[in-house]
There are 2 protein chains.
Amino acid sequence: MIGVRSKIWFAIRGSPLIGQGRRDLLVYIDHFGSISAASREMGISYRKAWSSIQAMEECLGKKLIVRRRGGRDGGTASLTDVAKELIAKYDRVAGGLSELIDHRFEEVVKEQGKIH
Amino acid sequence: MIGVRSKIWFAIRGSPLIGQGRRDLLVYIDHFGSISAASREMGISYRKAWSSIQAMEECLGKKLIVRRRGGRDGGTASLTDVAKELIAKYDRVAGGLSELIDHRFEEVVKEQGKIH
DNA sequence: GAGCGTTATGCAAATATGGCATATCGAATA
DNA sequence: TATTCGATATGCCATATTTGCATAACGCTC
């Protein structure tokens, strides 16, 4: 019935840089080679994906995506080294945390009380 | 420059029940004896505090605050046992987590890389 | 029953979010 | 060099969420 949820994100001067959703977006772009394919696979609009990338790059002040317009396939996108480093660091900080929190939660909630 | 932030909250059927902000609000109400004094001390509007309480009670289906209107002081508010139990359980799940995350973050960020 | 400060709530303004439509681009192809 | 294609890029608007303002309702005290 009652459950626990959590979010973790990097921020610069209070503005969000990257969280789980944006991290996933970067990974998808890396895998599919374009922003549009990545957003399609994730089930989000291209507009949203593009806005997320824009926000990340503006926040960090560095390019995360190499964009190429034109070509037979219309264009492609790939990650910069900075983006790959960002993903790796985020994963190392956030990794396993939700499992840890879930475990703590089970310990606490299985006790007697008015809340179940 | 770059930092890490996190949130943890309890939810019921996807809708948020309690997070750090609402937890603090309950503690302030317990301490000051009224919703209005609590919101004043927290620097939030009474409207926001009231809405938060409403949302929590509706989500959980149990009363968290005993409200009394009228009287010399205009009215008072205090916590039910359910509210106290909720605070205690939240604290035991969320307690120390931000320190743990901060520690992990320092470990990761102090390494060499393009991101500082 | 008048006064007081609280609880309670409608409503509008401000802000954030998300989708639609369309312009723009440039390598490949003919 | 002109056409084609699918991707990138972006303005605009509808919707949802958040926030604050104003005010009503309450009931104990005096």
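Naming convention: chains lettered A, B, ... in sequence-line order (proteins, then strands); numbering from 1 in each chain. Computed from a predicted model, the values in this text were never measured in an experiment.
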Determine whether B/Phe10 and B/Leu64 fall in the same hydrophobic cluster, where Ile, Leu, Val, Met, Phe, Trp and Tyr are linked whenever their side-chain heavy atoms lie under 4.5 Å apart.
yes
Could you tell me if the side chain of B/Arg23 sits less than 4.5 Å from the side chain of B/Val27, heavy atoms only?
yes
Would A/Arg5 and A/Ser98 count as having a side-chain donor-acceptor pair, cut-off 3.5 Å?
no
How about B/Ser78 and B/Arg68: does a side-chain donor come under 3.5 Å of a side-chain acceptor?
yes
Carboxylate-amine/guanidinium contact A/Glu111 B/Arg92, below 4.0 Å
yes
Which is more 5' along DNA chain C, the nucleotide nearest A/Ser45 or the one nearest A/Gly70? Just name the residue.
A/Ser45
Of all nucleotides in DNA chain C with an atom under 4.0 Å from a non-hydrogen atom of chain A, which is the first and which the last going 5' to 3'?
C/dG18 to C/dT29
Using a cut-off of under 3.5 Å, enumerate the N/O to N/O pairs linking the protein to nucleotides 8-11 of chain D.
unit_1, atom_1, unit_2, atom_2, d
D/dT8, OP1, A/Ile35, N, 2.6
D/dT8, OP2, A/Ser36, N, 2.9
D/dA9, OP2, A/Trp50, NE1, 3.2
D/dA9, OP2, A/Arg67, NE, 2.7
D/dG11, O6, A/Arg47, NE, 2.6

Hey, are the side chains of A/Val109 and A/Val4 touching, using non-hydrogen atoms and a 4.5 Å cut-off?
no
Taking NZ, NE, NH1 and NH2 as the nitrogens, is one of them in A/Arg67 or A/Glu57 under 4.0 Å from a carboxylate oxygen of the other?
yes
Flag if over 12 foreign heavy atoms under 6.0 Å of CZ, B/Phe105:
yes
